[in-house]
Amino acid sequence: MEFLLNKSKAGKSVNVIQELLKLTNSIISQMMLSMRCSGSGNSADGVRTLVREVTEIFGEFNISDIIWFCKNWDLQGFRKRFEDIHRRYDALLERIIRDREEVRKSKKKGRNECDQGENVDEDILTAATDTTAIALEWALAELINHPEVLKIAQEEIDQVVGKSRLVEESDSPRLQYIHAIIKETFRLHPPIPMISRKSAIGRDPKVWADPLEFQPERFLISDEVDNNSGPIDVRGLHYQLLPFGTGRRGCPGASLAMQELPTSLAAMIQCFDWKPAATSKTGDGVDMSERPGLTAPRAKDLECFPVARFTPTLFET
Ligand code: HEM
């Protein structure tokens, strides 16, 4: 928020996804490695770049996977690229582990008895970073394109949080409209569309009224399919909305993501209005094309000018 405030004061634009990736990467890195990745520097930049490369190559079309007699050929150079990514990821994680071991050795014996063994998981770093940032970027893009929805969301925040402090995680249960915005974003833009067993269900007209419209209100009422089952949730019990998959291979990070997303989005729109830069504009709003990959990010990064709307006392100078 402070970074955005400084950009706002300087009248400068931000590449939204780049900053969100720093945030989500920093959260998971701090949880797993006690290491912040919000700035730049070898490890921080390295992790973010590699996460993007992994999710991109995962979704690309590989002829050798489809046509059996091509299976031993690397016609498009995927194997070479994959091996290169894997080698660099491995080297980066090895370096992080080594650094952590050095730090541990240099600390006084006894102080670190609670340290668990090094357990750096490439999958979790990848799964936790891109998905959450992409969901936030899509949510913001939808809000820019739907100012009436943004207005209701900002009113909800002002009502729940008041006008003197920054929104906090503990406010989240009372931000029901923000939760509805997150669900509607998941419905139209599931961050991992290919692994969900029925990838197009979020836009299926048999399941959703006006499926292509962004209408968070649909989540404030009972389940549209079965009116007795209460509001639709995202954790795998309502099969018409499965952003985290379901069952025993469902996403283990769903609860973490559902803690991060509403608070981060709420803070972003509590403190700022977002004016798209010329490069992100089409007509009245922002371009909403996707690009393929394991995750489904926007085709073009969203570039915006944050315009300060409310400055929590915390950041006042
Ligand atoms: C908006 C955020 C996220 C979305 C939309 C998402 C979505 C998904 C989906 C669809 C799957 C596959 C489920 C299946 O195969 O049926 C998955 C798997 C997984 N996710 Fe997430 N995820 C998110 C955030 C996270 C976070 C924050 C973490 C880690 C803290 C995480 C860790 C994982 C892991 C480790 C798997 C593999 C589970 C397995 O194969 O058993 N995800 N996620």
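One-based numbering, in listed order, for ligands and for the atoms of each.
Of all atoms in ligand 1, listed by their number and element, those nearer than 4.0 Å to a heavy atom of Gly245 are 10 (C), 16 (O). Distances below 4.0 Å separate heavy atoms of Ala128 from the following atoms of ligand 1: 26 (C), 27 (C), 28 (C), 29 (C), 30 (C). The ligand atoms of ligand 1 that sit less than 4.0 angstrom from a heavy atom of Ile124 are 29 (C), 35 (C). Atoms of ligand 1 found under 4.0 Å from any heavy atom of Leu256, numbered from 1 in the order shown, are 27 (C), 30 (C). When each atom of ligand 1 is checked for a heavy atom of Pro191 under 4.0 Å away, the hits are 5 (C). Counting the atoms of ligand 1 from 1 in the order shown, those under 4.0 Å from a heavy atom of Ala257 are 2 (C).
In the candidate list Arg248, Arg249, His189, Arg249 is nearest to atom 41 (O) of ligand 1, counting heavy atoms. Within the set Cys251, Pro243, Pro252, the minimum heavy-atom distance to atom 36 (C) of ligand 1 is found for Pro252.
Side-chain atoms of Gln176 never come within 3.5 Å of backbone atoms of Leu220 as a donor-acceptor pair (strictly under, hydrogens ignored). Judged purely by atom type and a 3.5 angstrom limit, Arg309 uses its side chain to pair as donor or acceptor with the backbone of Gln270. When atom types are taken as modelled, the side chain of His179 and the backbone of Ser172 share a donor-acceptor pair closer than 3.5 angstrom. Remark: the backbone N or O of Ala277 is not paired with any side-chain donor or acceptor of Glu303 at under 3.5 angstrom. For the pair Arg218 (side chain) and Asp210 (backbone), a donor-acceptor distance under 3.5 Å is present.
The side chain of Ile28, and not its backbone, has at least one atom closer than 4.0 Å to an atom of ligand 1 (non-hydrogen atoms only; side chain from C-beta on). With a 4.0 Å cut-off on non-hydrogen atoms, Ala127 touches ligand 1 through its backbone as well as its side chain.
Between Arg174 and Asp171, at least one side-chain nitrogen of the basic residue sits less than 4.0 Å from a carboxylate oxygen of the acidic one, meeting the salt-bridge criterion.
Both the sub-6.0 Å distance and the 45° axial angle are not jointly satisfied by Arg203 relative to the ring of Trp208.
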